[in-house]
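What follows is one structure encoded as structure tokens, with my remarks underneath.
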Amino acid sequence: MLRMSTLFLRTLRADPADAEVPSHKLLVRAGYVRRVAPGIYSWLPLGLKVLRNVEHIVREEMDRMGAQEVQFPALLPREPYEATGRWTEYGDGIFRLKDRKGNDYLLGPTHEELFTLMVKSEYSSYKDLPVSLYQIQTKYRDEARPRAGILRGREFLMKDSYSFDLDDDGLKQSYQDHRDTYVRIFERLGLDYKIVSAVSGSMGGSASEEFLAVTPSGEDTYVACTHCDYAANVEAATVMAPPALDPATQPALEVMDTPDTPTIDTLAAFLDVPASATLKNVIVQLRNPDGRTELLVIGVPGDREVDLKAVEANVFPAEVEPFEDFARYPGLVRGYLGPQVLADLEIRYVVDSRVTTGSAWVTGANEQGKHARNVVMGRDFTPAGTMPAAEVRDGDLCPVCGNLLEINRGIEIGHVFQLGKKFADALSLDVLGPEGKPVRVTMGSYGIGVSRAVAAIAEQSYDERGLIWPRSISPADVHVVIAGQGEQQEGGESLAAGLEAAGLRVLLDDRKKVSPGVAFKDAELIGTPTYVVVGKSLAADGTVEIRDRRSGSSRTVSVADAVAEVVAEVRS
RNA sequence: CGGGGCGUAGCGUAGUGGCUAGCGCGCCUGCUUUGGGAGCAGGAGACCGCGGGUUCGAGUCCCGCCGCCCCGACCA
């Protein structure tokens with residue numbers, strides 16, 4: 001039993017000045033966590049209970065799916081990360097240190113390398129696969145800007161797991177198993193979440209989905225269809241393209257004098273056409289892994305920004321850099337660029353998927369002060385390809401069913417990822433196949449932010465009085481508040497003992513010098529879903545009050561029935 | 001790394017170049033009080049982020065640095 005009289009806890013009356021988001025304010029105010037350094041937090045007793053409860057659910061479900069728990073060190077040698085190139089790739093993103101001999105170490109940001117090497121050293125036969133291993137461990141990333149308390153820290157608790165399979169079908173099965181397990185975990189955690197398609201990014205590999213906890217404080221933006229179940233991170237989102245038209249039916253191209261109209265705004269105002277009728281052409285420079293660069297021009301409707309992250313995802317492994325060097329390309333007229341000349345200049349041109357065959361645009365005429373109208377795709381220019389390059393907006397159309405898309409924000413609390421052979425290739429992870437020849441292993445990688453999940457749940461479940469935990473992870477099943485002296489003291493003690501004997505985790509406010517008001521405020525701030533008030537009604541007619549934290553409703557029951565009533569409510 | 005805001009006691013804050021840096025909460029002692037952050041009395045607790053400068057005098061003005069928060073860039 002936890003007793004408030006001795007619990008290591010100090011609640012704060014005011015929000016800390018350095019906190020912005022609700023979970024940060026409340027977790028600090030209610031005495032769950034304290035900041036030690038930027039992005040680095042200590043867990044106090046109540047907070048640690050919640051964290052452990054989340055961890056327990058994650059572990060139970062991972063074990064249920066047949067994954068096996070292991071534990072790697074957080075302090076790691078440089079070599080494995082050197083072998084996969086990530087010692088360099090991570091740049092400033094990892095904490096590096098040296099031992100007394102000057103050897104390089106790092107604090108693990110994630111453990112693909114170590115898991116791969118462990119399987120390599122232990123297993124050597126196809127008969128050993130498939131296998132899924134996981135750990136729940138502290139991770140370190142030197143984030144450029146930690147923010148929002150424990151929502152984005154530099155030290156955090158993460159469950160990471162890795163599947164090892166012989167072939168793509170096996171990988172798909174392992175991926176699906178993890179995905180199903182994640183659904184069970186997040187359901188049990190009481191989270192409002194969305195599964196969205198994600199880009200694979202620099203990790204390589206193919207299929208990848210993120211589990212986002214829905215909250216306005218989230219840093220990820222995703223689109224979701226209002227009718228079907230399509231959902232995607234904005235970086236991976238696609239939209240339904242307008243129908244293609246027959247270029248032959250469009251009027252002839254016409255060049256116009258449009259002096260001093262180097263921007264979409266000035267052009268649209270000069271011609272009195274909507275920005276969406278113009279075709280904006282953005283030049284970027286691509287840097288390939290071998291260092292070679294090439295130009296890429298991206299055409300998007302003029303009322304849209306180019307989403308560089310989406311472009312980057314589409315041109316991977318090349319990197320996108322800004323282009324400023326107009327002097328080197330006299331054919332490119334700044335502010336008056338149109339796609340009509342790009343083929344001749346041998347510059348690669350791609351268009352956003354909203355730009356379709358037969359569509360007619362106002363765009364640059366490739367001469368200072370001139371634009372052209374009725375520039376028709378498929379007649380006046382032909383792009384090398386299409387990509388979802390323009391920002392997605394509320395009201396865009398779902399690529400699956402054509403209904404409206406909605407934009408929302410979320411926090412990434414889980415990620416499932418068909419990694420493929422990237423790490424197996426880099427570290428030569430093979431097993432002997434049935435034909436006696438080595439078979440390269442294919443991997444999946446799967447993460448759940450355990451400490452982040454605590455903050456995400458807090459972010460979704462609070463009111464003006466404080467936190468409201470789901471039963472599954474509440475620091476206690478029930479909080480017994482003793483309000484008043486005399487027989488309430490003893491009544492509260494014996495009720496708490498009874499509840500504990502019935503198997504509940506009990507937090508008892510047995511502080512003698514605090515007024516009932518303070519006890520109520522603390523109970524509501526701490527946020528157990530059910531609390532019981534043992535107060536004046538005990539003396540008056542032998543009853544206590546059972547309150548539901550979320551709804552605020554309360555009912556009065558005889559103290560003799562209280563244990564049974566509370567147990568029923570908690571177990572419901 | 002760029003832009004903005006801010007550093008005064010454990011927390012929240014006031015402070016016009018001028019006396020011993022003020023208030024609320026919290027904390028300690030005593031009395032009183034006990035169904036919604038009680039009351040009275042007494043007390044402890046501050047290198048005013050750090051360093052330099054201007055001045056008879058700096059929490060306050062100037063310069064530099066450090067740190068924090070927010071936005072952006074960055075971020076499996």
Side-chain angles (χ1 to χ4, degrees), chain A residues 9-21 24-25 28-29 31 34-40 81 84-86 89-94 108-113 139 141-149 152-154 156 158 160 162 198-205 208-210 217 219-220 233 235 308-309 312-313 316 319-322 412 414-420 422-423 443-447 449 465-466 481-486 488-489 509 511-525 531 533-540 544-545 547 552 554 556:
Chain A
L9 171 74
R10 184 108 302 148
T11 56
L12 304 178
R13 193 172 291 210
D15 285 334
D18 61 356
E20 191 76 12
V21 302
H24 188 191
K25 290 178 181 169
V28 172
R29 267 191 67 197
R34 289 289 183 260
R35 195 188 79 95
V36 170
I40 302 177
Y81 287 80
T84 56
R86 294 211 291 184
E89 258 174 42
Y90 259 109
D92 289 334
I94 50 174
T110 173
H111 283 69
E112 279 80 1
E113 284 82 353
K139 299 284 194 261
R141 295 185 192 171
D142 193 2
E143 298 284 349
R145 190 157 78 78
R147 60 176 291 273
R152 184 180 197 77
R154 297 196 294 169
F156 54 96
M158 178 170 164
D160 53 325
Y162 306 88
V199 297
S200 305
S202 63
M203 292 291 282
S208 166
E209 289 169 291
E210 289 168 353
S217 304
E219 355 178 52
D220 285 282
N233 194 301
E235 298 160 36
L308 284 177
K309 282 187 178 179
E312 202 140 49
F316 183 82
E319 285 177 29
V320 177
E321 299 176 350
E412 183 184 345
H415 197 161
V416 290
F417 191 8
Q418 293 181 28
L419 197 52
K422 170 170 173 160
F423 290 88
M443 293 169 56
S445 134
Y446 317 89
R465 297 172 175 220
V481 175
I482 297 175
Q485 305 295 312
Q488 286 98 318
Q489 295 288 334
D509 195 343
R511 294 174 295 178
K512 296 207 166 50
K513 296 283 175 146
V514 304
S515 68
V518 171
F520 293 146
K521 293 287 185 198
D522 277 344
E524 286 155 350
L525 180 59
Y531 63 109
V533 181
V534 180
K536 60 186 179 191
S537 70
L538 182 70
V544 298
E545 206 181 317
R547 292 194 189 177
S554 78
T556 302

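In what follows, chains are A, B, ... by sequence order, proteins preceding strands, each numbered from 1. Computed from a predicted structure; not experimentally measured.
- Closest to the side chain of A:A14, out of B:rG12, B:rA76, B:rG35, is B:rG12.
- Among the protein residues, A:A540 comes within range of no part of the nucleic acid, since none of its heavy atoms lies under 4.0 Å from any strand.
- Across all strands, A:G93 comes closer than 4.0 Å to no nucleic acid atom at all (heavy-atom distances).
- When the C1' atom is used for both B:rG2 and B:rG45, the distance is 41 Å, rounded to whole Å.
- Between B:rA38 and A:S515, a contact under 4.0 Å exists linking OP1 or OP2 to a side-chain N or O.
- Spacing of P atoms, B:rG59 relative to B:rU8, comes out at 15 Å, to the nearest Å.
- For the C1' atoms, the distance from B:rU34 to B:rC47 is 43 Å, rounded to whole Å.
- Across all strands, A:P109 comes closer than 4.0 Å to no nucleic acid atom at all (heavy-atom distances).
- Checking B:rG35, B:rG12, B:rA76 against every side-chain atom of A:S537, the shortest atom distance belongs to B:rG35.
- Comparing the P positions of B:rC25 and B:rG42 gives a spacing of 15 Å, expressed to the nearest Å.
- A distance of about 29 Å separates the C1' atoms of B:rG4 and B:rA9, rounded to the whole Å.
- Counting only heavy atoms from C-beta on, A:F520 has its side chain closest to B:rG35 among B:rA76, B:rG37, B:rG35.
- Nucleic acid contact class of A:R465 (heavy atoms, under 4.0 Å, all strands): base.
- Comparing B:rA76, B:rU34, B:rC11 by their closest approach to the side chain of A:P516 singles out B:rU34.
- Here the side chain of A:R13 is nearest to one of B:rC25, B:rU34, B:rA76, namely B:rC25.
- For A:K521, taking side-chain heavy atoms from C-beta onward, the closest of the listed nucleotides B:rG37, B:rG35, B:rA76 is B:rG37.
- An OP1 or OP2 oxygen of B:rC69 is reached within less than 4.0 angstrom by no side-chain nitrogen or oxygen of A:R147.
- The side chain of A:E20 approaches B:rC69 more closely than any other nucleotide in the set B:rA76, B:rG35, B:rC69.
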How does RNA chain B look in dot-bracket form if you count Watson-Crick and G-U pairs under 3.5 Å, write [ ] for pairs that cross, and put | where a base pairs with another strand? (((((((..((((....[...)))).(((((.......))))).....(((((..]....))))))))))))....

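- For A:A483, whose side chain is taken as the heavy atoms from C-beta onward, the closest listed nucleotide among B:rG35, B:rC69, B:rA38 is B:rG35.
- The side chain of A:R10 lies closest to B:rG26 when the candidates are B:rG26, B:rC70, B:rA76.
- Across B:rC27 and B:rC11, the matching P atoms stand 15 Å from one another, rounded to whole Å.
- Applying the side-chain hydrogen bond (donor to acceptor under 3.5 Å, both in side chains) rule to A:T556 yields no partners; only residues at least two apart in sequence or on another chain are considered.
- Residue-level contact check: A:E219 touches neither bases nor backbone, having no heavy atom under 4.0 Å from any strand.
- Among the nucleotides B:rG35, B:rC69, B:rA38, the one closest to any side-chain atom of A:D18 is B:rC69.
- The base of B:rG37 sits within donor-acceptor range of the side chain of A:D522, with an N or O pair under 3.5 Å.
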